[in-house]
Amino acid sequence: MLWSKLFIPTLRENPAEAEVVSHQLLLRGGYIRQLAAGIYSYLFLAQRSFLKITRIVREEMDAIGAQEMLLPALNPAELWQESGRWEIMGDNLFRLKDRFGRDLCLGMTHEEVMTSIARGELRSYKQLPQIWYQIQTKFRDEPRPKSGLLRVRQFIMKDSYSFDIDAAALDASYDKHYDAYCKIFDRCGLKYMVVEAHSGAMGGSQSHEFMVASDAGEDYVVNCSACGYAANLEKAAARPTAPAAADPDGDLTPEQFHTPGQKTIEQLSAFTKLPESAQMKSLVLIADGKPILALLRGDHSLSETKFSSVVKATEFRPAHPEEIRQLFGADAGSLGPVGVKNMRVIVDEALKGRRNMIAGSNKDDYHLRHVTPGEDFDAEYFDLRQVAAGDACLTCGGAIALIKCVEIGHIFKLGYRYSESMGLRVLNEAGEEIKVIMGSYGIGIERILSAAIELYHDKDGMALPPSIAPFDVVVTPVNYSDAALRSAAQEIYESCRKMDLDVILDDRDERPGVKFKDADLIGIPYRITVGKKLAQGQVEIIDRKTKASEDVDKDYAAAFVASKMRA
RNA sequence: CGGGGCGUGGCUCAGCCUGGUAGAGCGCCUGGUUCGGGACCAGGAGGCCGGUGGUUCGAAUCCACUCGCCCCGACCA
């Protein structure tokens, strides 16, 4: 294609609204334009890149026997009411009414629609397994869209769903997806981690996320470089650092002491001259309307995800100050577990075996010393703690690091969540009606591009992996009005085309600097510069990523690039 | 939803405090000179200053309301 005929509106300056690199470069490179908060138009270059990405996705999905479909984005409320997600999804679901006042929503994923198709048609175990997928636009009414294409209200997702006869068969479908996802992300040129993930409120036994390390990300991955353990912070477990001071010995009884104005762990630590780890942190949460007291070591923080799975609550929040006062007769700064009878008390495992700690006394301005869990109050132990950097890995003892990441893919075992609520059953070999077990698997198409840019860019622009760049190679005659340069460039352009390269000829009447800057900005992997050296029959081939330049014979240029592309 | 910031030509921004002719750089158009890392000269087009209402002889500027966008937090299959 001829650059002069294309719409590639590059910008010299960064638009003010863009903060993260991928957003800035997508805008500057003329890939995208914003239509509204979290809603973007994908221009020519972005669309080309997405077509390359989705092609890879299709090839790998098809390779595991998945069948592509295309389902409606507009869904009737009834379907979502059946699965319960009409309520559960709350404000995240885009809802609308038609002219007759019927409730509809825009799908954020398609478990319901897929299940409704399956329950109408799948009758026998002989029809299983099935893997169905689509590449389709999804909608989420994000409270805060941000970071360019990383967090948006409308986006493209590859979502697939597996239907299996039993758990073992689901494992097989899951493993197929796991492998396919690795191939997809490998082919897209991404550096990624596969981490254990929380399977969410929707149930399900196992879940992995595919993560790309990036400061632009919103998830934290806990990683042990020694043994390779990797998990989403939400569900990660690790051994905490040892308490900063040993507990006092002996079978001491709790003893109240005056702590005027000491409200926070930090203040109390300074006041008592004891480390934060000598204290118990008391958190009051209201889970499904009922209060729960959660205890953690003073220097630890609560993992809300772990908390919610422990208490199996659909909804929970920190208690309001008035509620705390009413339940404890004291304010948040002086709460403790001793004597608490009117609610469940759950205790983080890091407190197991600890003795004679400091806790609130449920009387303002007083705390207790010598509080021992299990003796001075009943303790139900759970892993409630959010892992912190520096903790020790449970498998190898290595130091745990926290890495900020962008989630590009997520696979998980749904179990019977939808087949149960929506009545998807088949007959097994014995003629018995059994529920179908399902899995669900997603890939964010835009996030692949964004993550690649986050991963591969420099001060001049994007350095996209060849497999997902909008073009393979740009032919850049230094001066297009020079007849010799022009005809050589055209020749090279034609031979690139014959070799099936995605080639663009920069035939614009621009100064060379402008063409180089633009080519660097939009991230075309290879550039063939036709300039001075043409007199010797040579052109330059520049690798966008390494900036390495090689002189080759002009007649060999296309083949040279083609061989690089294949490498 | 809470906190903060910003809306002035396509982009980046000045002007606003202290009301009185709407500006700069980049981009765009025409002509010319240039041509290996965002050229130069000359000429030119393009803005109901986010919207509504108010104050005033007069509002980009002051006041009120409102809409939009960005950031932090909350939220997050």
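Every chain is numbered from 1 and lettered A, B, ... according to where its sequence line falls, protein lines coming before strand lines.
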Novice: With P as the reference atom in both, quote the distance from B:G15 to B:U8 in angstrom, rounded to an integer.
Specialist: 14 Å
Novice: What interatomic distance, in whole Å, is found between C1' of B:G9 and the corresponding atom of B:A24?
Specialist: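 Per the computed distance, 12 Å lies between those C1' atoms.
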Novice: Please figure out whether A:E13 or A:I542 has its closest RNA chain B nucleotide nearer the 5' end.
Specialist: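 Looking at the nearest nucleotide for each, A:E13 comes out on the 5' side.
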Novice: On the six-membered ring of A:F155, is A:K138 placed so that its NZ or CZ lies under 6.0 angstrom from the centre and within 45° of the ring axis?
Specialist: no
Novice: Taking the P atom in each of B:G10 and B:C57, what is the distance between them to the nearest angstrom?
Specialist: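 Pairwise P distance, B:G10 against B:C57, rounds to 35 Å.
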Novice: Validate the cation-pi geometry between A:R48 and A:F471: distance from NZ or CZ to the six-membered ring centre under 6.0 Å, angle to the ring axis within 45°.
Specialist: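 Relative to the ring axis of A:F471, which defines the angle, A:R48 lies inside both limits.
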Novice: If you take atom types as modelled and just measure distance, does the side chain of A:E510 reach the base of B:G38 with a donor-acceptor pair under 3.5 Å?
Specialist: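 No, no donor-acceptor pair under 3.5 Å.
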Novice: When both hydrogen-bonding distances must be under 3.5 Å and the geometry is Watson-Crick or G-U wobble, what is B:G43 paired with, if anything?
Specialist: B:C29
Novice: OP1 or OP2 of B:A39 sitting under 4.0 Å from any side-chain N/O of A:R511?
Specialist: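 Result: yes.
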Novice: Look at the aromatic rings of A:Y181 and A:F210 and report parallel, tilted or perpendicular, splitting at 30° and 60°.
Specialist: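 Ring orientation, 0 to 90° scale: tilted.
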Novice: Does the structure show a Watson-Crick or G-U wobble partner for B:C69, both distances under 3.5 Å? Name it, or say none.
Specialist: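 Result: B:G5.
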Novice: Does A:R144 have a side-chain nitrogen or oxygen under 4.0 Å from the phosphate oxygens OP1 or OP2 of B:C72?
Specialist: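 For B:C72, OP1 or OP2 has a side-chain N or O of A:R144 closer than 4.0 Å.
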Novice: So does A:E266 have more than 12 non-hydrogen atoms from other groups sitting under 6.0 Å from CD?
Specialist: no
Novice: Given the rule in the ring-ring contact (aromatic ring centres under 6.0 Å, His included) test, do A:H23 and A:Y40 qualify, once you have shown the distances and angles that lead to the verdict?
Specialist: CA-CA 11 Å; A:H23 189 198; A:Y40 288 86; 5.7 Å; yes
Novice: Taking atom P in both B:C63 and B:G5, what distance in whole Å separates the two?
Specialist: 14 Å
Novice: Could you tell me which nucleotide pairs with B:C35 by Watson-Crick or G-U wobble geometry, both distances under 3.5 Å, or answer none if nothing does?
Specialist: none
Novice: Tell me the interatomic distance from A:K517, atom NZ, to B:C26, atom P, rounded to whole angstroms.
Specialist: 17 Å
Novice: Quick check: on RNA chain B, is the nucleotide nearest A:D509 upstream (toward 5') of the one nearest A:Y40, or the reverse? Name the residue that is more 5'.
Specialist: A:D509
Novice: Can you tell me, in whole Å, how much space there is between the C1' of B:A60 and that of B:U21?
Specialist: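 Here B:A60 and B:U21 have their C1' atoms 14 Å from each other.
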Novice: Measuring only the C1' atom in each nucleotide, how far is B:U56 from B:G19? A whole number of Å is fine.
Specialist: 9 Å
Novice: Taking only the P atom of each, what is the distance from B:C49 to B:G20 in whole angstrom?
Specialist: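 Their P atoms lie roughly 15 Å apart.
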Novice: Does B:G68 have OP1 or OP2 under 4.0 Å away from a side-chain N or O of A:Q34?
Specialist: no
Novice: Can you tell me how far P in B:G47 sits from the matching atom in B:C6, rounded to whole Å?
Specialist: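 Their P atoms lie roughly 27 Å apart.
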Novice: Go ahead and name the base partner of B:C49; Watson-Crick or wobble counts if both distances stay under 3.5 Å, otherwise write none.
Specialist: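 None - no nucleotide pairs with B:C49, as no candidate has both distances under 3.5 Å.
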Novice: Are any of A:R12's side-chain N or O atoms less than 4.0 Å away from OP1 or OP2 of B:C26?
Specialist: no
Novice: Check if the side chain of A:D520 and the base of B:G37 share a donor-acceptor pair of N or O atoms closer than 3.5 Å.
Specialist: yes
